[in-house]
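Comments concern the structure below.
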There are 4 protein chains.
Amino acid sequence: MPEPTPGPTPGPDRPRRRQARGERRVAQLLDAAARVFCATGYTAASTNSIAREAGVSPGTLYQFFPNKEAIAVELGDQLLTRWQDTYGRALMPDHLGLPLDRLMDAVIDPLIQFNRENPAFAVLMHGSDVPGQVTREHDALHSSMLARVEDILGDYLPDTPKAETARIAHMLFTVFKAGLALILAAEPDERDAYTTELKRVLLRYIQPLVEDCGPPCRADAPRSAG
Amino acid sequence: MPEPTPGPTPGPDRPRRRQARGERRVAQLLDAAARVFCATGYTAASTNSIAREAGVSPGTLYQFFPNKEAIAVELGDQLLTRWQDTYGRALMPDHLGLPLDRLMDAVIDPLIQFNRENPAFAVLMHGSDVPGQVTREHDALHSSMLARVEDILGDYLPDTPKAETARIAHMLFTVFKAGLALILAAEPDERDAYTTELKRVLLRYIQPLVEDCGPPCRADAPRSAG
Amino acid sequence: MPEPTPGPTPGPDRPRRRQARGERRVAQLLDAAARVFCATGYTAASTNSIAREAGVSPGTLYQFFPNKEAIAVELGDQLLTRWQDTYGRALMPDHLGLPLDRLMDAVIDPLIQFNRENPAFAVLMHGSDVPGQVTREHDALHSSMLARVEDILGDYLPDTPKAETARIAHMLFTVFKAGLALILAAEPDERDAYTTELKRVLLRYIQPLVEDCGPPCRADAPRSAG
Amino acid sequence: MPEPTPGPTPGPDRPRRRQARGERRVAQLLDAAARVFCATGYTAASTNSIAREAGVSPGTLYQFFPNKEAIAVELGDQLLTRWQDTYGRALMPDHLGLPLDRLMDAVIDPLIQFNRENPAFAVLMHGSDVPGQVTREHDALHSSMLARVEDILGDYLPDTPKAETARIAHMLFTVFKAGLALILAAEPDERDAYTTELKRVLLRYIQPLVEDCGPPCRADAPRSAG
DNA sequence: GATGAATGAGGATTCATTCAT
DNA sequence: TATGAATGAATCCTCATTCAT
């Protein structure tokens, strides 16, 4: 009797059991989905095209995913896990003491590297083209990353109110996502320059905030109520 | 006076003189399109839904626009014109000498105001959800705005190489678009705070650049090859 | 008070009156229709495209023709008249005594010439692409021409039963139409050869028939019940 | 035995193995298409009407055919094959030595018989109603039949230049198609008479040509450059 | 007369999803 | 499991025709 639900999040609403072959199929399908999402965007991607790209029939796809959204969600999960396994987990503990500019390199460079290798990550983080509309497809990825930013930022700004940290983190993450898209879309020989520029934007934004909280610093824009 | 237009086949770009009713319909349709684009995004918006929203039949829509793309293009043109007529034209000449923080207010506040009143503007500027893919729909709006940023920036950084100015402008505009989306999506009582934050990001990014070119200043990150 | 209905066939179901301007419009429209029919075929031709080609609005077209079919019918009438005025009427009386091969030249050459100048003639004669379906659009042209063939043939075969003459005429006309299409579609430098060939087909077909009825002749296929 | 087809994206022309049901559907759809093409002609036939006639949904049709053209092409292929299997293949080898009139019977009678049983054949051979426009839909059928005519004719006219044989074959085939349409459209009690007549046309046309190449014969129209 | 606006059913085609095998 | 078949509503777009101006 094989283990019924070995995968992650075996919640009550996911009765689909995966065994060896199944896991391979899922990987196949998620790979295909990543490719299709990158090529055509989430909205325009069709389940049939994903199945075709994966070399399986539509029916097979639906044996593993209840609908298109679930594919995006699971792809997001997988990419997040892959990110954490590859760079993320290794990243954090050590770097918390770094000076800001070093931190920036330590955070941004792997992120960009990872996104170059997994362009679907950016697609899913970005969400659909409806601004301000949070969809379940992208939410997990998005909020998980955002939470990480908040965590790190919280460590650097221990005395700042939660709400404000959240806002700053949101802004940081938003700017990063936009810059990332710019970098990924740039001509290859421009990418490094854009990367440098993105780091500058982010660094200059948070540097004063962090200095505010430490030794005497020149507050170029005194913080008050937002 | 018989036959005002006697010549046959007067070329494909015949002025196609529209009657008053037609002008009204076009406005109606563009309004409807703006609403639908905001509600569902450009990709998911269907011509039929736009026609329905406008209260006309699909055929009527196609009497004025050859396809969905044309609607977006014309809506973009209209919004751009409206922007220039409302704020844009008034904006520029005066403010070129302003200190940066005042410039920021002078530029960002009207833009956000305008986007609040015309949320389709942001949708069209943002483009589709396929990253790095330029579509004719959004290009006019996008490049027009970008060009303005480049212009203004060029005035403030006269000694910087063109390529670098372009890059900085691109980054500025990208960050602005992202921040704008954040502001528009934010809870109403958070919007001002996010606006302040966005200005901070932008200001801190360009302040050192501008100071570099003027009086002695503390260059926190000396510029070299990008 | 201008003459109300000067045109031909002022039947009771055609109350549309035409005056000077109107006649010009009709000519314009029929010219345009001829061009469009030739370019796309009758079925695919749209009234809107005809109006566009004529440089008028759809409404104007419908002021002169109740529907698409009527355009084809009237175009057929016009072409038939033009044919008769140009070649047809002049043709007949003189040639009735000609030997067959001369008759053939006298009939076929002008017909081909006329069709080269008025390619819509062939389109309308040919009818739609539904074989064996007679449509009002093409019927007038078709049966008028066919009747002429029958007439001429009747003169050459006075002793042959009506039904047989009709059949032979039908076959002759059918072959002619097909050969005509072949000639019109042929490469320019092939047209004369195809024309010669078509005449050969027709001539060899009727020569024995005619000889049967006259002087002694070798009946290569004795006629009996059809 | 797990996963019989492990390779992903096995090329666009993957055999696309069809299940029994699918084969039946294809046959059903081609049958329906044949009926609709005969009833309304190719141009006016709609994929929806074909699907309706076949008793399936539009989506089902598109699972087997990418578009209307493909239906016509496949139907043409099928009819051609059916023709060759039924009459064509049996026909040829034996009859090459036959006297012309017997050959005519041997060729024309089965053709007419087959077309009576498969009237779509004629529709597809005939092509659209745009004269001189070759469409992929009809080309296969048309050129295949034409090639056969050329072959046979070449055997009877071995000394005639290729270009001339081609022209004669083209004319023969054209006349046959036209006569066939006439026969199919004729009243049932007229059909045999029309068939006889068609054979007469064709026979009289080629008889002199063939005799030219053999024993002394009366050349009623000496051949020279076309 | 002339125009352009308006219609709405119908065209081809796609797609997320379910089902029989 | 895996497959391909099946669905039918929805997609974009066209067209013959009518109507208000």
Side-chain angles (χ1 to χ4, degrees), chain A residues 16-19 21-22 25 44-51 55-69 71, chain B residues 2-5 16-26 44-51 55-69, chain C residues 16-22 25 44-51 56-69 71, chain D residues 2-5 16-26 43-51 55-69 71:
Chain A
R16 290 162 197 283
R17 58 188 67 183
R18 306 237 174 92
Q19 285 141 8
R21 224 180 349 172
R25 278 274 182 264
S46 80
T47 55
N48 282 355
S49 68
I50 294 172
V56 303
S57 68
T60 299
L61 185 152
Y62 278 89
Q63 217 130 33
F64 296 97
F65 300 98
N67 51 43
K68 189 167 124 175
E69 183 188 327
I71 303 175
Chain B
E3 290 177 333
T5 55
R16 198 112 173 72
R17 50 191 169 151
R18 237 171 231 155
Q19 295 174 348
R21 207 176 8 157
E23 294 289 2
R24 249 178 294 137
R25 274 279 177 263
V26 168
S46 81
T47 55
N48 281 2
S49 68
I50 293 173
V56 302
S57 71
T60 298
L61 184 152
Y62 280 91
Q63 201 124 46
F64 298 99
F65 301 99
N67 50 44
K68 193 168 88 167
E69 182 187 326
Chain C
R16 289 162 197 282
R17 58 188 66 182
R18 306 239 173 91
Q19 285 142 10
R21 224 182 348 174
R25 278 275 182 262
S46 79
T47 54
N48 282 353
S49 69
I50 294 172
V56 303
S57 68
T60 299
L61 184 152
Y62 278 89
Q63 218 129 34
F64 296 97
F65 300 98
N67 52 42
K68 188 169 125 176
E69 184 189 325
I71 303 175
Chain D
E3 289 176 333
T5 56
R16 195 115 171 71
R17 49 188 169 153
R18 239 171 228 156
Q19 295 174 347
R21 209 178 4 156
E23 293 291 1
R24 250 177 294 138
R25 274 279 178 266
V26 169
T43 312
S46 79
T47 54
N48 282 359
S49 68
I50 293 172
V56 302
S57 70
T60 297
L61 184 152
Y62 279 90
Q63 202 125 45
F64 299 98
F65 301 99
N67 50 44
K68 193 167 93 165
E69 182 187 327
I71 302 175

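The chains referred to below are lettered A, B, ... by the order of the sequence lines, with proteins before strands, and numbering in each begins at 1. The model shown is predicted, which means the values in this text are computed figures rather than measured ones. Heavy-atom basis, side chains included; hydrogens, waters and symmetry copies ignored.
Of the candidates dT3(F), dT7(F), dA5(E), dT3(F) carries the atom nearest the Ser57(A) side chain, counting heavy atoms from C-beta on. If you check dT3(E), dT7(E), dA2(F) against the side chain of Val56(C), the one that comes closest is dT3(E).
The nearest whole Å value for the distance from the CZ atom in Phe65(C) to the P atom in dA2(E) is 12 Å. Separating the CG atom of Leu61(D) from the C1' atom of dT14(E) is a distance of 13 Å, rounded to the nearest angstrom. Gln63(D) has its CD atom 15 Å from the P atom of dT13(E), to the nearest Å.
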Intra- and interstrand pairs of DNA chain F - dot-bracket, Watson-Crick/G-U under 3.5 Å, | marks other strand: .||||||||||||||||||||
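Annotation for Ser49(D) and Ala45(D): closest pair OG-C, 4.3 Å, computed over non-hydrogen atoms. Residues Ala51(A) and Leu61(A) approach most closely at N-CD1, 3.9 Å, considering heavy atoms.
When the side-chain nitrogen and oxygen atoms of Arg25(C) are compared with OP1 and OP2 of dG1(E), none of them lie within a distance under 4.0 Å.
Scanning for side-chain contact (heavy atoms from CB on, under 4.5 Å) contacts around Glu69(B) gives Tyr42(B), Asn67(B), Val73(B), Arg136(B), Glu137(B), with sequence neighbours left out.
Residues Ile71(C) and Phe64(C) have side chains not in contact (no heavy-atom distance under 4.5 Å, counting atoms from C-beta outward).
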In 5'-to-3' order, the base (B), backbone-only (S) or no-contact (-) status of each nucleotide in nucleotides 14-21 of chain F, using a 4.0 angstrom heavy-atom cut-off, is BSBBBB--
